[in-house]
Amino acid sequence: MGKILSLDIGGTKILGALFDEKGEILKREKKSSKSNKGIEKVKNQIKKVIDILIEGETDIEAIGCGVPGIIKEGKILFTPNMPLSGFSLKEFLEENYKVDVYVGNDANVALYGEYNTESISKYDNIVGFFIGTGFGGGIIIDRKIYKGSIGASAEIGHITVNPDGPYCGCGSRGCVESFASKVAIQKSLSNQIRKGRDSSIKEYILDDSIIKSSILLKAYEENDELVVEIMDEVAKYIGIVSANIMNIFNPQIIILGGGLIESFSDKLLETINEYSNKYSLKQNYESTEFKIASLGDDACIFGAYQMAKNRVD
């Protein structure tokens, strides 16, 4: 088997890696996805990442991709935070690079990456939350990824947690993604600063781009009052949606991953536990473990690699 290229395409960044025949990463590349610039800009950014990774390589076997939204046969039917709804990513990449391409929902792919690690593979029933620009979810039932009837399952970010809450990018209102995602955090910070609240990260909020997790973390650790308040709210809503998931699926473990969680690690866990305990059945709460994703922000690229490898094999 030749080398496999793996992509994690998100609303903020495109992360790529080239894996050798033994499953080791040979090269990595990361670029802004520039989602606010339109579909052609995003396509160009995807190509830039790939072109850097395959420069000088001749034996690329396949490309595996994780991308947010509802995916069917390599086409992105709908995605709330990127200008890619209706775009066939599989067709685009196969035409440009002449290799087989496999595309999956980024959270499902990330969960698959975590599931292939030693510490997680022992579990039968798993739910994953992957929180970055948006709020993705993945579900494994009896050791199999649950995709639903049209591949649109596990849209956990679009579970309504407050029907009077803010509007979400999906068009609905009060989704957990509208409270607990970097897009939501950016909006909350911006709204509060416009109302006269002060914050050490004021200068970053004036920019159109989504604030970096590292900047949020620094302000949080320095006890910036506004940032701490908003991140506590984020943890609260993660806890509420965790309770819903516990009561519906009774998983053995909920994995917390994505760029935001990777930066904050377990700093939000106390509040998440408090609210998941408050709103779930006691037995479900006591039988569910929380775990921070071991692959961090790399979960999707490892999952995309594993997905492509399994299809090729």
Side-chain angles (χ1 to χ4, degrees), residues 4 6-11 13-17 62-82 84-85 87-90 93 101-117 120-121 123-159 170 175-177 181 241-242 245 248-249 251-262 291-312:
I4 289 176
S6 174
L7 294 174
D8 173 7
I9 301 170
K13 55 93 173 89
I14 299 165
L15 177 62
I63 299 175
C65 305
V67 63
I70 299 171
I71 316 298
K72 184 176 182 181
E73 297 174 356
K75 184 175 183 178
I76 304 164
L77 301 183
F78 173 73
T79 182
N81 295 313
M82 299 188 76
L84 298 178
S85 296
F87 173 56
S88 178
L89 179 61
K90 176 180 171 68
L93 293 179
V101 175
Y102 305 97
V103 182
N105 170 273
D106 60 343
N108 279 336
V109 172
L111 183 58
Y112 190 59
E114 288 290 332
Y115 181 62
N116 278 278
T117 62
I120 302 300
S121 60
Y123 295 100
D124 297 322
N125 300 300
I126 309 165
V127 175
F129 300 166
F130 297 93
I131 306 167
T133 305
F135 189 124
I139 298 168
I140 289 176
I141 298 175
D142 294 333
R143 296 185 169 270
K144 294 180 180 178
I145 290 279
Y146 179 71
K147 295 181 180 178
S149 58
I150 63 166
S153 71
E155 288 292 341
I156 293 168
H158 302 292
I159 292 174
C170 73
C175 301
V176 67
E177 182 170 288
S181 66
V241 83
S242 296
I245 291 298
I248 296 168
F249 292 104
Q252 295 160 289
I253 185 168
I254 293 176
I255 296 172
L256 302 172
L260 190 67
I261 297 296
E262 183 189 17
K291 186 176 178 65
I292 303 297
S294 62
L295 295 175
D297 209 20
D298 282 348
C300 189
I301 59 168
F302 276 96
Y305 158 75
Q306 195 66 50
M307 176 180 68
K309 178 181 181 296
N310 290 349
R311 299 285 182 87
V312 170

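Index from 1, following the sequence. In what follows, every heavy atom counts, from backbone to side chain, and hydrogens, waters and symmetry copies are set aside. Because the structure is a prediction, the values reported are computed rather than measured.
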message = How long is the straight-line distance from CG of Asn116 back to OG of Ser121, given to the nearest 0.5 Å?
response = 8.0 Å

key: Partner residues of Tyr123 under the side-chain hydrogen bond (donor to acceptor under 3.5 Å, both in side chains) criterion, sequence neighbours left out   = Glu289

ask   = Are Asn125 and Tyr146 close enough, and set up right, to give a side-chain hydrogen bond (donor to acceptor under 3.5 Å, both in side chains), and what steps lead you there?
value = CA-CA 10 Å; Asn125 300 300; Tyr146 179 71; over 6 Å; no

task = Starting from the C-alpha separation in whole Å, work towards a yes-or-no answer on side-chain contact (heavy atoms from CB on, under 4.5 Å) for Asp8 and Lys13.
result = CA-CA 8 Å; Asp8 173 7; Lys13 55 93 173 89; 3.1 Å; yes

task = Would you please name every residue forming a ring pair (Phe, Tyr, Trp, His ring centres under 6.0 Å) with Phe302, sequence neighbours left out?
result = Phe19

request  = Please assess Leu7 against Leu15 for the test side-chain contact (heavy atoms from CB on, under 4.5 Å), listing each intermediate value before the final yes or no.
outcome  = CA-CA 6 Å; Leu7 294 174; Leu15 177 62; over 6 Å; no

query = Looking at residues at least two apart in the chain, or sitting in another chain, which of them share a ring pair (Phe, Tyr, Trp, His ring centres under 6.0 Å) with Phe135?
reply = Phe129

message = In the structure I gave you, are the side-chain heavy atoms of Leu89 and Leu84 within less than 4.5 Å of one another anywhere?
response = no

query = Excluding sequence neighbours, so at least two apart, what forms ring pair (Phe, Tyr, Trp, His ring centres under 6.0 Å) with Phe87?
reply = Phe92

Interatomic spacing from OG1 in Thr117 to CD1 in Ile255 - rounded to 0.5 Å = 7.0 Å

key: Student check: side-chain heavy atoms of Asp106 and Phe130 closer than 4.5 Å   = no

message = Checking Ile254 against Lys291 for the side-chain contact (heavy atoms from CB on, under 4.5 Å) test, could you report, in this order, the C-alpha distance in whole Å, the side-chain angles of both residues, the deciding distance, and whether it holds?
response = CA-CA 6 Å; Ile254 293 176; Lys291 186 176 178 65; over 6 Å; no

remark   = Applying side-chain hydrogen bond (donor to acceptor under 3.5 Å, both in side chains) to Ser294 and not counting sequence neighbours gives Glu114

key: Heavy-atom side-chain proximity of Glu262 to Leu260 below 4.5 angstrom   = no

ask   = Of the non-hydrogen atoms in Cys170 and His158, which two are nearest, and what is the gap between them?
value = SG-ND1, 3.4 Å

note = Rounded to the nearest 0.5 Å, the CD1 atom of Ile145 sits from the CG atom of Asn108 at a distance of 5.0 Å

query = Less than 4.5 Å apart, any side-chain heavy atom of Ile4 and any of Ile63?
reply = no

ask   = Any idea which heavy atoms bring Ala107 and Gly136 closest together, and the distance?
value = CB-C, 3.6 Å

ask   = Nearest heavy-atom pair of Tyr102 and Met307: which atoms, and what distance?
value = O-CE, 3.5 Å

ask   = Within a strict 4.5 Å, meaning less than it, do heavy atoms of the Val103 and Cys65 side chains meet?
value = yes

key: Ile245/Ile159 under side-chain contact (heavy atoms from CB on, under 4.5 Å): CA gap, chis, key distance, verdict   = CA-CA 10 Å; Ile245 291 298; Ile159 292 174; 4.1 Å; yes

key: Atom pair SG (Cys175) and CD1 (Ile156), whose distance is rounded to the nearest 0.5 Å   = 12.5 Å

key: Residue pair Ile301 / Ala17: nearest heavy atoms and the distance that separates them   = CD1-CB, 3.8 Å

query = How about Glu155 and Asn105: do any of their side-chain heavy atoms sit closer than 4.5 Å?
reply = yes

ask   = Looking at side-chain heavy atoms only, is the closest gap between Leu111 and Ile126 below 4.5 Å?
value = yes

task = Quick one: pull up NZ in Lys147 and CD1 in Ile141 and give me the separation to the nearest 0.5 Å.
result = 13.5 Å

key: Minimal non-hydrogen separation, Ser6 against Tyr305, with atom names   = OG-N, 3.5 Å

Name the atoms and distances for all side-chain donor-acceptor pairs under 3.5 Å in residues 72-82, with sequence neighbours left out.
residue	atom	partner	partner atom	Å
Thr79	OG1	Pro68	O	3.1
Asn81	ND2	Glu177	OE2	3.2

task = Locate the shortest heavy-atom distance separating Gly66 from Cys300; write the atom from each residue and the value.
result = CA-SG, 3.7 Å

